[in-house]
Amino acid sequence: MSHNNQKKIAVINDFSGFGRCSIAVALPILSVMKVQCCPLPTSIFSNHTGFPSYFFEDYTSRMVPYMQEWKKLDLHFNGICSGFLGSKEQIEIVKKFFKEFKTEETQIIVDPVMGDYGKPYPTYTEEMCGEMKKLVEFADILTPNVTEACVLTDTPYKEKWKIEEIQEMAEKIHKMGPKKIAITGIVQGGFIANFCYEEGQQPKVLRTHKEGTQRSGTGDIFAAVIAADAVNQVPFSESVKKASRFIKKCIECSMQLEIPVTDGVCFEEVLHTLR
C-alpha cells in the first residue's frame with residue numbers, strides 16, 4: 001500500500017497553540033480544500049510573539065531526524081510550503097528538504113516571512129536576508145508583502161507606491177527564480193491591493209476594500225489557500241482573488257465578534273465557504 005494516494009503538502013513553519021497563525025492556520029485550511037497537511041515544525045510556541053509573554057522551544061535540532069522518518073516512508077509531496085524561519089541553520093535545512101523531496105510534480109511555495117511595516121523582523125540580520133534570497137531561488141510561487149519584496153530586491157521602503165514600481169520589484173524577484181509572485185498588502189486609499197505576477201501572463205492588480213486593522217495570521221491564511229490551489233491546479237490569479245476575499249470575510253467576522261487583534265482572525269466561522 002502506498003502513502004501517496006492523496007494530495008498532500010508539507011508545511012514547514014512554527015506551531016503556535018494560541019493566536020491563529022502558522023501551522024495552526026494551514027492545517028484546517030488545507031484540509032477543507034481536500035489536501036492533506038503534513039507539518040514540519042521549526043519551533044513550538046504557546047502563543048505567538050505578539051503577546052507580552054510566551055513559551056518557546058526551538059525545534060532546529062529535531063528537524064533533520066523528523067525529515068528522515070518521512071524519507072523512510074517514501075512520502076511524496078504535491079506541494080511544499082515554507083513560512084517563518086528563525087535562523088540560517090533552519091534555512092539550510094529547508095533547502096535540504098526541497099532538494100530531497102521535490103519532484104517534477106511538486107509545487108514549492110515560499111512565504112518569505114521577514115518583516116512588515118517597512119522593517120525586517122529583529123532576527124533578520126543582513127546575513128539572514130541574504131540566505132532567504134538563496135531560498136527564494138527554489139520557489140515556484142512566492143508570496144511576499146511589500147516590506148519583504150523591498151528586502152529581497154534591495155528597494156528602499158516607502159508608504160505610497162506606483163504600480164509600475166511594484167511591477168519592477170516583481171520582475172526582479174522573477175529573475176531570482178519564482179514563476180508566480182503575489183506581492184500582498186499594497187495600500188491604495190480605502191483599498192488593499194495584491195499584485196499578481198505570472199510568467200508569460202499580463203500582470204494583474206487585484207483590489208479589495210480595506211477592513212479593520214491588520215491581524216496576525218492573515219499572511220499564513222493567504223499562503224495556505226495559494227498552496228492548496230496550486231496543487232489543485234487552480235489558475236494563479238483566481239487563487240489570489242479567492243485568498244483575498246476569504247481573508248476579508250475572516251476580518252469582518254472577527255470585528256463583529258470583537259476578537260482581540262492579537263488573537264488573529266476567526267476563520268473557523270467562515271471556513272465552510274472555502275472550497
Side-chain angles (χ1 to χ4, degrees), residues 7-9 11 13 16 18-37 39 48 50 78-79 81-84 107 109-113 116 140-146 148 180-188 190-198 204-275:
K7 289 177 184 172
K8 55 184 173 296
I9 294 174
V11 176
N13 210 336
S16 290
F18 186 74
R20 294 190 189 88
C21 61
S22 313
I23 288 170
V25 163
L27 236 169
I29 287 174
L30 294 184
S31 300
V32 83
M33 295 178 76
K34 297 183 170 60
V35 180
Q36 183 184 2
C37 177
H48 66 69
N78 304 83
C81 187
S82 71
F84 177 76
Q107 291 285 309
I109 301 94
V110 173
D111 185 11
V113 185
D116 212 345
D140 296 298
I141 301 173
L142 198 79
T143 60
N145 61 29
V146 178
E148 291 152 357
K180 299 173 185 177
I181 301 137
I183 299 179
T184 64
I186 307 157
V187 178
Q188 294 187 320
F191 292 88
I192 291 284
N194 295 320
F195 186 84
C196 191
Y197 182 97
E198 187 172 1
K204 293 180 181 177
V205 179
L206 305 170
R207 303 196 306 173
T208 54
H209 282 281
K210 190 177 178 184
E211 296 290 342
T213 55
Q214 190 169 343
R215 291 169 174 263
S216 67
T218 53
D220 298 309
I221 292 173
F222 187 89
V225 173
I226 297 295
D229 273 352
V231 305
N232 287 330
Q233 300 183 321
V234 175
F236 185 55
S237 61
E238 191 180 312
S239 181
V240 171
K241 204 177 292 182
K242 182 199 292 187
S244 305
R245 286 174 178 165
F246 181 68
I247 289 167
K248 184 183 174 185
K249 273 192 264 185
C250 294
I251 292 172
E252 286 172 343
C253 186
S254 301
M255 289 165 65
Q256 286 165 11
L257 292 179
E258 299 182 355
I259 304 295
V261 173
T262 49
D263 299 6
V265 292
C266 53
F267 65 87
E268 300 89 350
E269 301 284 331
V270 291
L271 192 57
H272 65 282
T273 67
L274 194 57
R275 291 287 183 270

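Remember, it's a predicted structure, so these values are computed and weren't measured experimentally. Values below: every heavy atom of this structure, side chains too, minus hydrogens, waters and symmetry copies.
Residue C21 holds its SG atom at 13.5 Å from CZ of R215, rounded to the nearest 0.5 Å. With rounding to the nearest 0.5 Å, the separation of OG1 in T218 from CD1 in I192 is 9.5 Å. Considering OG1 of T184 and CD1 of I247, their distance stands at 8.0 Å, rounded to 0.5 Å. Rounding to the nearest 0.5 Å gives a distance of 9.0 Å between CZ of F84 and OG of S22. Rounding to the nearest 0.5 angstrom, the gap separating the CD1 atom in I226 from the CD1 atom in I221 is 12.5 Å. Put simply, CG on L30 and SG on C81 are 7.5 Å apart, with the number rounded to the nearest 0.5 Å.
Judged as a salt bridge (Lys or Arg N to Asp or Glu O under 4.0 Å), not a single pair has a partner in residues 21-31 (not counting sequence neighbours). Each salt bridge (Lys or Arg N to Asp or Glu O under 4.0 Å) pair with one or both residues in residues 24-34, not counting sequence neighbours, would appear here, but there are none. Sequence neighbours left out, the pairs with a member in residues 219-237 that pass side-chain hydrogen bond (donor to acceptor under 3.5 Å, both in side chains) are K7-N232, K204-S237, D229-S239, D229-K242. Residues in residues 247-257 take part in these side-chain hydrogen bond (donor to acceptor under 3.5 Å, both in side chains) pairs, two or more places apart or across chains: K249-T273.
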Could you pull out all donor-acceptor pairs under 3.5 Å where a side-chain atom in residues 258-269 meets a protein atom, sequence neighbours excluded?
unit_1	atom_1	unit_2	atom_2	d
E268	OE1	R20	NE	3.2
E268	OE2	R20	NE	3.1

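At least one side-chain heavy atom of V225 sits less than 4.5 Å from a side-chain heavy atom of L274. Annotation: side chain of P39 is not in contact with side chain of N13 (no heavy-atom distance under 4.5 Å). Side-chain contact between D111 and S82 is absent, with no heavy atoms from C-beta onward closer than 4.5 Å. Proximity of V240 to F222: side-chain heavy atoms (C-beta onward) are separated by under 4.5 Å at one or more points.
With hydrogens and angles ignored, the 3.5 Å screen pairs no side-chain donor or acceptor of N145 with any backbone N or O of G185. Proximity of a side-chain donor or acceptor of S216 to a complementary backbone N or O of G19 within less than 3.5 Å is detected. Formation of a donor-acceptor pair under 3.5 Å by the N78 side chain with backbone atoms of K8 is found in this model.
Contacts of A193 classified as side-chain contact (heavy atoms from CB on, under 4.5 Å), with partners at least two apart in sequence or in another chain: I186, Q188, V205, R207. In terms of the side-chain contact (heavy atoms from CB on, under 4.5 Å) criterion, residue partners of Q107 (sequence neighbours excluded) are, by chain and number, I109, D140, I141, A230. Applying the ring pair (Phe, Tyr, Trp, His ring centres under 6.0 Å) rule to Y197 yields the partners H174; only residues at least two apart in sequence or on another chain are considered.
Closest approach of P112 and E148 over heavy atoms only: O-CD, 3.0 Å.
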